[in-house]
Amino acid sequence: MSPHLQHVHYPTVELEADERYLQLLGRQFPTIAAASTEIINLEAILNLPKGTEHFLTDIHGEYEAFQHVLKNASGTIKRKVNEIFGNTLRDADKKDLCTLIYYPQEKLQLVKAEEDDMGEWYEITLNRLVKVAQSVSSKYTRSKVNKALPKDFSYIIQELLHETDGDINKHAYFNKIIATIITTRRADAFIIAMCNLIQRLAIDSLHIIGDIYDRGPGAHIIMDTICDYHDFDIQWGNHDILWMGAFAGNDACIANVMRISLRYGNMETLEEGYGINMLPLATMAMETYKDAELEIYMPRLGANGRVFTDKEKYIIAQMHKAITVIQWKLEGQLIAAHPEYLMDDRRLLGTINKQAGTATIDGKEYPLLETSFPTIDPDDPYRLTPEEEKIVKQLHNNIVNSEKLHKHVYCLLRHGSLYLARNNNLMFHASIPLNDDGSFKAVEVMGQKYAGKKLFDRIDELVQVACRRGGDEPDKQGSIDYMWYLWCGPDSPLFGKSRMSTFERYLIADKATHHEERGAYFTLHDNPEIIDNILIEFGLPTEGSHVINGHVPVKTLKGENPVKAGGKLLVIDGGFSRAYQRETGIAGYTLVYHSRGFQLVEHEPFESQAKAIEEGQDIISNIVLSEYKANRLYVRDTDKGKELATQVRDLDRLLAAYRRGIVKEQQ
């Protein structure tokens, strides 16, 4: 007997508000039969295994590696293939099958160029794909699987998914289906459909814990992929907030977006992704800085590994210097307008002594690496020249009117937030402001102070106000300005450092000035008691719960460990971005949470999709942490399960109301 039925006594149903609710529920389930059927359905769902959750963070525009990890579900599909076929298939055959599942269209073209008997290959491959699809679909209801099926092959796939080896009566029937798929020349399309279905069902939900943007060449491609994903959420990172702030019209954010793109030789996202016209900036920069010192502004290796010509480097360096100076001016203006930010130490242009070739940092004078600043007026260093004003206006109009960026920012708003608490996991990108004793730090936001969860909730609200078009909220401009503070402010939970030392890193040789002191969260987060307090603040139990962060790359080369606070905190930024991989030694961590527990997966650098397709070169992944549950987790153990259980209780009450005549059935 179902557990909930053991204590259902059809209690007297309270009238008034409760009766009105049951009357409304009765419109959806107008009879005892309809309500009973839904209870049966929900009870069955509650007893299915928990779906697999996939956690990624700090992707930083590396779209090829991201898409591959998404396709292979952090090794989940490879492990599934090994479980199904074990020693019955050679390793080379299993590798080929995995590559086909990840890249069906491309792999099919290679197979056709090499395979002599395609008929036999189709038959063998289709049977193998059916077995994999049966395995990954077994966690879901038929209804959920059917919704994921491609329309052209829905009926056929439904039949094949429910084939069993012991069903002798239908053996010939299933064989004939596969044979007919081949003879009607639909095998290619069917294989592609099956591979996409396997990818779709391998992961139930995707969590992106911030920093989709900057450094790599394809943040716009990643956003297209995420926004079309079947079930996902995003916890904003500081680099995401920077782009959202740019879209909201914050000119300091716009300048930062441009500077970072030029620093890493990444114009693809700006130009190809969002249609930003770089020509006016290039024209102005080539004229203004034609004789300038440019060595420190030379771009790093292109974001996609592209090597620039000397001429290209020189033009990019001119643009890079032009926008960097504009950024420092705009930031200085913003800081002056908001003394409550307590960031006056970042107004450093005013400390430059051109004659001495120095700048003053924290009361001490340092020599500058270069002193060619023709657009800086020593008497008014933060004033833009007319040419700079024109560039800012053009970039502003380009970015705020980009249709593609509009689509992506609204996706970030609809599916994103500063934090998410789900299934006993608390996800936020970077940190939570703490005092040195571990207590929650009160942070001023728009004239009021907030701490802990209330701070995160207030920032969530502020971001929505800043980025949504057409609102006339009184704090609209203040919210837009605050987007820049979220990017680099000392008490921003997305940044978590004393300062962003961009000026010093560019212009001061003394590395002591480059230091950015981390907030108390980063010195205390290895303490289980601190993490317990954070979990309690966000309404989660301390036993069996985790905090999951990104933001700070885990430098495995230096012996750093992604698992902290006795396993309560998992930091899964391991260096998706190529710019970080020399420091981290790996290419990122991802986390998989399935019905039997957690697996933290460490990835080696991904060479290219071409290598993955042509040579079957998968990302080499190692499981660095397995946290298995004593008992398998079911839907009833999840947050969704709790919602469904509540629905069951409400339907039980509706049944009681029907049987007592309080609510009338609608025949």
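Starting from 1, each residue takes its place in the sequence as its number.
For the atom pair CG (Leu161) and NZ (Lys131), the distance works out to 12.5 Å, reported to the nearest 0.5 Å. In this structure, CG on Leu56 lies 6.5 Å from CD1 on Ile572, to the nearest 0.5 angstrom. The CD1 atom of Ile212 sits 5.5 Å away from atom CD1 of Ile59, with the distance rounded to the nearest 0.5 Å. Rounded to the nearest 0.5 Å, atoms SG (Cys195) and CD1 (Ile77) are 9.0 Å apart. Atom CD1 of residue Ile548 and atom CG of residue Leu420 lie 10.0 Å apart, to the nearest 0.5 angstrom. Rounding to the nearest 0.5 Å gives a distance of 7.5 Å between CG of Leu197 and OG of Ser137.
A donor-acceptor pair is defined here as one N or O able to donate and one able to accept, closer than 3.5 Å; no such pair exists between the side chain of His429 and the backbone of Leu494. A donor-acceptor pair is defined here as one N or O able to donate and one able to accept, closer than 3.5 Å; no such pair exists between the side chain of Asp526 and the backbone of Lys564. Within the 3.5 Å criterion, the main-chain N or O of Ser135 finds a donor-acceptor partner in the side chain of Ser138. Without hydrogens or angle criteria, Asn47 side chain to Glu43 main chain gives a donor-acceptor distance under 3.5 Å. At distances below 3.5 Å, at least one donor-acceptor pair connects side-chain atoms of Thr225 with backbone N or O atoms of Ile221. Between the side chain of Ser431 and the backbone N or O of Pro493, at least one donor-acceptor pair lies under 3.5 Å. Of the possible polar contacts, none joining the Asn423 side chain to the Thr638 backbone as a donor-acceptor pair under 3.5 Å is found. Using modelled atom types, no side-chain atom of Ser154 and backbone atom of Pro150 make a donor-acceptor pair closer than 3.5 Å. Put simply, the side chain of Gln199 gets close to the backbone of Ile101: a donor and an acceptor are under 3.5 Å apart. For Asp240 (side chain) and Trp236 (main-chain N/O), no donor-acceptor pair under 3.5 Å exists by modelled atom type.
Remark: Arg636 is positioned above the aromatic ring of Tyr634, its terminal NZ or CZ atom under 6.0 angstrom from the ring centre and at most 45 degrees off the axis. With Tyr410 as the aromatic partner, Arg468 meets the cation-pi criteria of under 6.0 angstrom to the ring centre and within 45 degrees of the ring axis.
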May I have the list of side-chain donor-acceptor pairs in residues 139-146 shorter than 3.5 Å, sequence neighbours left out?
residue : atom : partner : partner atom : Å
Lys139  : NZ   : Lys50   : O            : 3.3
Lys139  : NZ   : Thr52   : OG1          : 3.1
Tyr140  : OH   : Leu201  : O            : 2.9
Thr141  : OG1  : Lys144  : N            : 3.0
Arg142  : NE   : His162  : NE2          : 3.0
Lys144  : NZ   : Asp204  : OD1          : 2.8
Asn146  : ND2  : Arg142  : O            : 3.2

Please list every donor-acceptor pair under 3.5 Å in which a side-chain atom of residues 530-542 meets a protein atom from a residue at least two apart or in another chain.
residue : atom : partner : partner atom : Å
Asp532  : OD1  : Lys568  : NZ           : 3.0
Asn533  : ND2  : Glu529  : O            : 3.4
Glu537  : OE2  : Lys453  : N            : 2.9

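Residue Phe456 comes nearest to Pro433 through the heavy atom pair CE1-CD, 4.3 Å, listed as atom of the first residue, atom of the second, then distance. The minimum heavy-atom distance between Thr76 and Ala202, with the atom names listed, is CG2-O, 4.4 Å. Nearest heavy-atom pair across Ile432 and Phe428 is N-CE1, 4.0 Å. The shortest non-hydrogen separation linking Asn238 to Leu486 is CB-O, 4.4 Å. Between Thr57 and Gly210, the shortest heavy-atom contact is OG1-O, 3.5 Å. Summarising the geometry of Pro217 relative to Thr269, their closest heavy-atom pair is O-OG1, 3.2 Å, with the distance given to 0.1 Å.
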Checklist entry - Checking ring pair (Phe, Tyr, Trp, His ring centres under 6.0 Å) for the pair Phe598/His546: CA distance, chi angles, key distance, verdict? => result CA-CA 11 Å; Phe598 276 104; His546 303 83; 4.5 Å; yes

Next on the checklist: Go through it in stages, so that I can follow the logic: the residues are Tyr173 and Glu159, the test is side-chain hydrogen bond (donor to acceptor under 3.5 Å, both in side chains), and I'd like the CA-CA distance, side-chain angles, deciding distance and then a yes or no.
Outcome noted: CA-CA 10 Å; Tyr173 170 69; Glu159 292 294 291; 2.6 Å; yes

Item to check | ring pair (Phe, Tyr, Trp, His ring centres under 6.0 Å) between Tyr274 and His408, intermediate numbers included | outcome: CA-CA 10 Å; Tyr274 296 125; His408 288 167; 5.6 Å; yes

Next on the checklist: side-chain hydrogen bond (donor to acceptor under 3.5 Å, both in side chains) for Asn549 and Tyr521? Distances and angles first, verdict last.
Outcome noted: CA-CA 12 Å; Asn549 292 162; Tyr521 177 82; 2.4 Å; yes

Checklist entry - After noting the C-alpha distance and the side-chain angles of Asp93 and Arg90, does the key distance pass the salt bridge (Lys or Arg N to Asp or Glu O under 4.0 Å) rule? => result CA-CA 5 Å; Asp93 291 332; Arg90 296 177 304 171; 3.1 Å; yes

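For the 3.5 Å distance criterion, the side chains of His54 and Ser205 fail to qualify, holding no donor opposite an acceptor. A donor-acceptor contact closer than 3.5 angstrom is absent between the side chains of Asp460 and Tyr419. Residues Arg128 and Thr125 have side chains that never bring a donor and an acceptor to within less than 3.5 angstrom of each other. No side-chain donor from either of His207 and Gln235 sits under 3.5 Å from a side-chain acceptor of the other. Side chains of Tyr63 and His220: a donor-acceptor N/O pair is absent below 3.5 angstrom, by distance only. Inspection of the His551 and Asp58 side chains reveals no N or O donor paired with an N or O acceptor under 3.5 Å. Asp214 and Trp243 are linked by a side-chain donor-acceptor pair at a separation below 3.5 angstrom, with hydrogens and angles left out of the test.
Considering only heavy atoms from C-beta on, Lys454 stays 4.5 Å or farther from Phe440 through its side chain. Considering only heavy atoms from C-beta on, Val463 comes within 4.5 Å of Leu413 through its side chain. At least one side-chain heavy atom of Ile226 sits less than 4.5 Å from a side-chain heavy atom of Ile208. Proximity of Tyr593 to Leu633: side-chain heavy atoms (C-beta onward) are separated by under 4.5 Å at one or more points. By the 4.5 Å heavy-atom criterion applied to side chains, Ile156 and Ile181 are counted as neighbours. Using a 4.5 Å cut-off on side-chain heavy atoms (C-beta onward), Ile191 and Leu108 make contact. With a 4.5 Å cut-off on side-chain heavy atoms, Leu160 and Leu126 do not count as touching. Contact annotation: the side chain of Arg215 approaches that of His239 to within less than 4.5 Å [non-hydrogen atoms, C-beta and beyond].
Screening Lys71, His68, Gln109 for a side chain to side chain donor-acceptor pair (under 3.5 Å) with Tyr103, the sole residue that qualifies is His68.
At a threshold of 4.0 Å, the pair Asp637-Lys642 does not count as salt-bridged, since none of the basic side-chain nitrogens sits closer than that to a carboxylate oxygen. A salt bridge links Asp91 and Lys94; the closest N-O separation between the charged side-chain nitrogens and carboxylate oxygens is under 4.0 Å.
Surrounding NZ of Lys404 are more than 12 heavy atoms belonging to other residues, nucleotides or ligands, all under 6.0 Å away. Atom CG of Asp228 has more than 12 neighbouring heavy atoms from other residues, nucleotides or ligands inside a 6.0 Å radius.
The distance between the ring centers of His60 and Tyr213 does not fall below 6.0 angstrom.
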